[in-house]
Amino acid sequence: MAKRSLKASQDGIIRAKRAFDLKGWTQEYLAAEVDLQTRQPIWKFFSGRPVERHIFIDICFTLDLDWEDIVDRTAFVAEASTPAIAEGEGVVQAVEDDMAGVRSHLITLAQTQCQLLELPLDLHQPITLAQIYTDAYLHPYQRFGQPLNAPNVPAPLAVQPHSRVLVLGGPGAGKTTLLQHLALEISAGHLRADGQTLLPVFLRLRQLALVPTAELNVQQYLNQRWLASGLSLAQIERLWQQGQLWLLLDGWDELPSPQHGLVTQQIQTLLDTYPGLRVVLSGRSGGPMPQLNGLVTFELAAFTVPQIERFVQQWFVANNPDQGAEVAQTCLEALHRPDNDRLREMALTPILLHLMCLVFYNSGQFPNQRSKLYQQALDLLLGQWDRQRGISRSQPMQQLSTVDLLGILCEVAARSFEQGSVILDEAELLGLIARALARRDPQPTTPEQRWADSRAILQVLIEHYGMLSERELGSYAFAHLSFQEYLTARRWALTALERQGYSDWADLAAHLTDARWREVIVLTFEMVSPAEPLWQALEHQSQRYVANHSELRPWLAWAQTQAERSATAYHPAALRGFYLGLRLNQGLDLALALDARLAIDLPDSLLLDQALTRLLHQGQQWLTAPTRQAGLDLVFAMDLHQRFALAEPFAEALHLLQAQLLDALEDRADLATWCDGLGADWLRSLSHTIATHRHWDAALIDFSPCPSIETYCQIQQLLIDCLRHNRTLPAATVAAFENSLVSLEVQYGCV
C-alpha cells in the first residue's frame with residue numbers, strides 16, 4: 001500500500017500556530033526538535049500543504065497537540081504513483097494543485113495578520129480576535145447622523161452583497177477589528193460572494209505611507225509582499241487573473257493626504273482590470289472619503305448595552321480565565337450604577353470601553369476621581385493611539401502641540417457650555433477657536449490667516465481625533481457630552497491660582513441649582529487645589545437658596561430637631577438627611593452618602609419614623625385613587641404594633657383609625673363617597689395622632705410635592721459628591737464641611 005501524506009485543516013493551522021507562538025520557537029528550532037534536516041516540511045505544515053504522515057504526527061506531538069485534531073480529514077493525499085495521464089491534463093492538474101497551495105498560503109497569511117487584536121495601552125499578553133470579538137453592526141452612512149428608520153445590520157450581512165464598500169467610524173469605533181474579523185470569516189469560507197469562496201487580502205494602508213509617493217503602487221506593494229512570503233511571479237499573476245481576491249484596506253484616514261488621489265486611482269484601476277475583485281475600505285467619519293465608482297458606504301453603529309456586556313465579559317475572561325467572569329460581573333454592576341451614567345456614555349465606543357476595562361482590571365474599581373479616566377481617554381484619542389501604531393498625522397500649524405489642541409478644546413467646551421449650547425454653529429465655533437488661538441499666539445497675523453488656521457484646526461478635531469462631529473450642515477457638537485463637561489471643568493480648575501477667595505468662585509457656584517452643571521462642578525472640585533475657597537462659595541450659594549425659599553426653613557429645623565431627639569451615634573448630618581429624605585419619600589440616599597452604617601443597622605426609632613412617614617404617603621395616595629385592594633394594603637401597613645413597641649395610647653389610637661378604615665372598605669358602593677368626604681378627616685386624624693405621639697410639628701405633615709425641598713436635597717448630594725472626589729482636603733476639613741450639611745446655619749457671612 002502506498003504511503004499517505006497528511007495536511008492540516010484551516011482550523012488546525014490556527015491552533016498549531018497558536019501553540020507554536022506559545023513555545024516561542026523559530027521554524028528552524030522546531031525542525032531540529034522533530035529531527036529534520038531542513039525547515040521545508042515545517043513551512044509546508046503551517047502552509048496547509050501535505051507532509052509525510054510520520055513528520056506530520058511528530059510535529060503535532062512536539063507542539064503538544066493531538067494530530068487527529070489538526071489534520072484535514074477531507075483531503076488525505078495519496079503518495080502512491082498514479083496511472084499516466086495525458087500531458088495536457090497533467091499540466092492543468094499541476095497548475096490547479098499549485099494554485100490550491102497558493103490559496104492556502106494566502107489564507108494562512110491573512111490569518112496570521114488578523115488573529116491578534118490591535119489594542120492600545122499596556123497589556124502583558126496578546127489577545128486574539130476569537131477571544132474578545134463582539135459582533136459589529138452597520139447602518140447606511142448619512143452625513144448628519146443615522147438615517148431615520150435605518151436598522152443596524154450585522155456587518156458581514158451588510159457587506160456581503162456589495163463588491164465595493166466603505167466602512168466609516170469614529171476613532172476607536174472598531175474599524176480595524178471589523179476588517180480583521182471579515183478577513184477571518186472569508187478565509188474560513190463563512191463569508192462568500194455569490195456562493196463563491198474568495199481569498200482575503202488584509203492591508204493596513206498606513207504601511208503605504210513609508211513608500212515615496214513617486215514609487216507608490218498598491219498592486220506592486222502587494223506583489224512584493226507575496227514574493228517575500230515565497231510565491232512566484234507566475235503564481236501572483238494567476239491570483240489576480242482568477243478574480244478571487246477580496247481586498248480589505250484598513251485606515252483610509254491614515255494615508256498622507258497627498259496619497260489619497262493616487263491610491264484612489266490605483267484601486268479604481270484594479271477594480272476595472274480584474275472584474276471579480278472585491279474591496280472593503282475603512283476610514284474615519286468626517287474625514288476624507290475615496291471616490292470610487294459604485295462605492296456603498298456604511299457606518300459602524302455605537303455599542304448597545306448587550307454588546308457592552310458581551311465585550312466586558314469576554315475581555316476579562318481573556319485576561320483572567322480563572323476569575324474573569326466574576327470580575328466582569330462586578331465591573332458591569334459598577335458600570336450600571338446610577339452615578340456612572342457618564343461612563344456608560346463612554347462605553348459606547350470600543351476603545352474607551354477597553355480603557356475602562358483595563359482601569360478596572362488593575363484597580364478593581366473605577367477611579368473615584370472620574371477626571372483621571374477622562375484625561376486618560378483624551379490622551380488616548382489625541383495622539384497616544386496613533387503613536388502606538390506609528391501613525392503621524394499632519395498638523396495645520398507645525399507649532400501647535402497636543403497640549404495646545406487640548407487648551408483650544410477647553411476654551412471651546414467652556415464657552416459653549418456656559419452659553420448653554422450643545423450644537424454649535426460653524427461660524428460661532430470658528431470664532432471660539434480663533435479667539436483661543438489669539439490668546440495662545442499673540443503674534444500679529446491677518447484675520448484671513450487666523451480664520452484659515454481655525455478652519456484647519458476644526459478639521460483636525462473632526463477628522464483626526466473625532467472630538468467634534470457635524471450633526472447637521474454647518475453645525476457641530478462634541479462627540480461625547482462627558483468630554484465637554486470634563487474640558488469645561490478642566491478650564492475652571494486651571495484658573496484656581498487666580499481665585500483667592502470664595503467670592504472669586506461665585507460665577508461657578510451660581511450654577512449650583514442647575515442640574516446641567518452638576519458634573520462640571522464635581523469634576524472641577526476634584527481637580528482644583530486649594531479647594532476650600534470653592535467649597536465656601538458652593539456652601540454660601542446653598543445657604544442663599546434656603547434664604548430665598550422660606551418654606552425650607554421649618555423642614556430643616558424639624559429635621560435637626562428629630563436628629564437631635566434620636567439620640568443615636570450616627571453622623572448628625574446623616575440623621576438630618578434621613579429626616580429630610582422622609583419628607584420626600586426618597587429613601588436613604590442622602591443619609592447613606594454621609595453615613596453608610598445606616599444601611600446595615602437602622603435604629604428602631606428611625607425605622608418607626610420611616611414606617612409612619614410611608615404610612616402617611618400611602619394614605620394620601622390612596623385617597624386620590626381609592627381602590628379596595630389599596631385600602632386593604634393600607635390597613636395591613638397600620639399593624640405597626642406587631643413590629644414596634646408602641647406606647648399603649650399610641651397603639652390604641654392607631655387601632656381605632658384602622659377599624660374606621662375597615663368599616664369604610666366593607667361598604668364598597670360608598671367607598672368613593674367616603675374618601676371624598678370623611679376620608680380627608682380620617683387622614684388628618686392619622687396625621688394628628690402621629691404628630692402627637694412622635695412629637696412632630698403637625699403643621700409640617702403635608703406630603704404634597706415640594707420642588708424646593710427636592711432641589712435642596714440635590715444640592716446637598718452634590719456637595720457630598722464634591723467632598724468624596726477631592727483628595728487634597730485634610731480629613732479634619734472634610735469632617736467640618738460634612739457637619740455643616742443639611743443645616744440652617746450660615747457658615748460664610750450673611751446671605
Side-chain angles (χ1 to χ4, degrees), residues 554-622 630-662 682-703 706 709-710 712-713 716-717 720 735 738-744:
W555 281 103
L556 288 172
W558 173 75
Q560 184 161 335
T561 299
Q562 294 303 122
E564 293 170 352
R565 188 174 289 157
S566 68
T568 62
Y570 294 99
H571 196 296
L575 294 173
R576 296 193 293 269
F578 170 81
Y579 280 101
L580 204 59
L582 291 185
R583 165 63 180 82
L584 295 173
N585 197 29
Q586 285 188 344
L588 301 176
D589 291 348
L590 186 57
L592 293 178
L594 287 161
D595 196 333
R597 294 177 299 169
L598 289 169
I600 302 173
D601 183 21
L602 202 63
D604 283 347
S605 61
L606 271 63
L607 282 171
L608 176 57
D609 286 342
Q610 185 182 56
L612 292 170
T613 306
R614 289 176 176 172
L615 182 63
L616 289 169
H617 276 285
Q618 191 174 348
Q620 191 173 48
Q621 292 172 356
W622 178 67
L632 290 173
D633 292 341
L634 186 58
V635 169
F636 292 133
M638 295 182 71
D639 284 333
L640 296 176
H641 65 280
Q642 297 181 6
R643 297 166 52 198
F644 302 100
L646 303 179
E648 187 173 344
F650 188 21
E652 290 178 353
L654 287 176
H655 181 71
L656 179 61
L657 290 166
Q658 187 183 41
Q660 294 173 1
L661 181 58
L662 276 171
W682 179 87
L683 185 62
R684 278 192 293 271
S685 297
L686 178 62
S687 301
H688 178 75
T689 298
I690 292 173
T692 299
H693 292 279
R694 294 301 294 169
H695 308 289
W696 291 4
D697 186 344
L700 294 178
I701 302 182
D702 174 17
F703 295 102
C706 184
I709 296 180
E710 187 170 352
Y712 179 79
C713 286
Q716 300 305 295
Q717 185 66 60
I720 294 169
E738 286 181 345
N739 284 329
S740 70
L741 294 169
V742 200
S743 172
L744 273 171

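Given the structure is predicted, the values throughout are model-derived calculations rather than measurements.
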Within the distance-only criterion (no hydrogens, no angle test), does the side chain of [X] pair as donor or acceptor with the backbone N or O of [Y] below 3.5 angstrom?
X: R576; Y: Q560; value: no
X: N739; Y: A735; value: yes
X: D595; Y: Y570; value: no

> When you look at E738 and I720, which way does the side chain to side chain contact (heavy atoms under 4.5 Å, CB included) test go after all the steps?
Replying inline: CA-CA 7 Å; E738 286 181 345; I720 294 169; 5.9 Å; no
Check [X] against [Y] and note the closest heavy-atom contact, atom names and distance.
X: S566; Y: L575; result: OG-CD1, 3.6 Å
X: V742; Y: A573; result: CG2-O, 4.1 Å
X: L598; Y: A591; result: CD1-CB, 3.8 Å

Pairwise distance [atom1]([X]) to [atom2]([Y]) - rounded to 0.5 angstrom:
X: H695; Y: Q562; atom1: NE2; atom2: CD; answer: 9.0 Å
X: W682; Y: L657; atom1: CH2; atom2: CG; answer: 6.5 Å
X: H571; Y: L592; atom1: NE2; atom2: CG; answer: 13.0 Å
X: T692; Y: H688; atom1: OG1; atom2: NE2; answer: 3.5 Å
X: L580; Y: L590; atom1: CG; atom2: CG; answer: 7.0 Å
X: R597; Y: T568; atom1: CZ; atom2: OG1; answer: 8.5 Å

Output a table of donor-acceptor pairs, distance under 3.5 Å, between side-chain atoms of residues 630-650 and any protein atom two or more places apart or on a different chain; print 'none' if there are none.
unit_1: D633; atom_1: OD1; unit_2: Q629; atom_2: NE2; d: 3.1
unit_1: D639; atom_1: OD1; unit_2: Q658; atom_2: NE2; d: 2.7

> Does W558 have any ring-ring contact (aromatic ring centres under 6.0 Å, His included) partners at least two apart in sequence or in another chain, and if so, which?
Replying inline: W555, Y579, W696
> Does Q621 have any side-chain contact (heavy atoms from CB on, under 4.5 Å) partners at least two apart in sequence or in another chain, and if so, which?
Replying inline: none
>> The test is side chain to side chain contact (heavy atoms under 4.5 Å, CB included); show your working for L594 and F578 and say whether it passes.
In response: CA-CA 10 Å; L594 287 161; F578 170 81; over 6 Å; no
>> I want to check something: taking the side chain as every heavy atom from C-beta on, are L656 and T689 in contact at a cut-off of under 4.5 Å?
In response: no
> Does the side chain of S743 reach to within under 4.5 Å of the side chain of L556, using non-hydrogen atoms?
Replying inline: no
> Between I690 and T613, does a side chain to side chain contact (heavy atoms under 4.5 Å, CB included) hold up when you go through it step by step?
Replying inline: CA-CA 9 Å; I690 292 173; T613 306; over 6 Å; no
> Counting only heavy atoms not in H655, do more than 12 fall under 6.0 Å of its NE2?
Replying inline: no
>> Working note: S605 + Q610, criterion side chain to side chain contact (heavy atoms under 4.5 Å, CB included); need CA distance, chi angles, decisive distance, verdict.
In response: CA-CA 9 Å; S605 61; Q610 185 182 56; over 6 Å; no
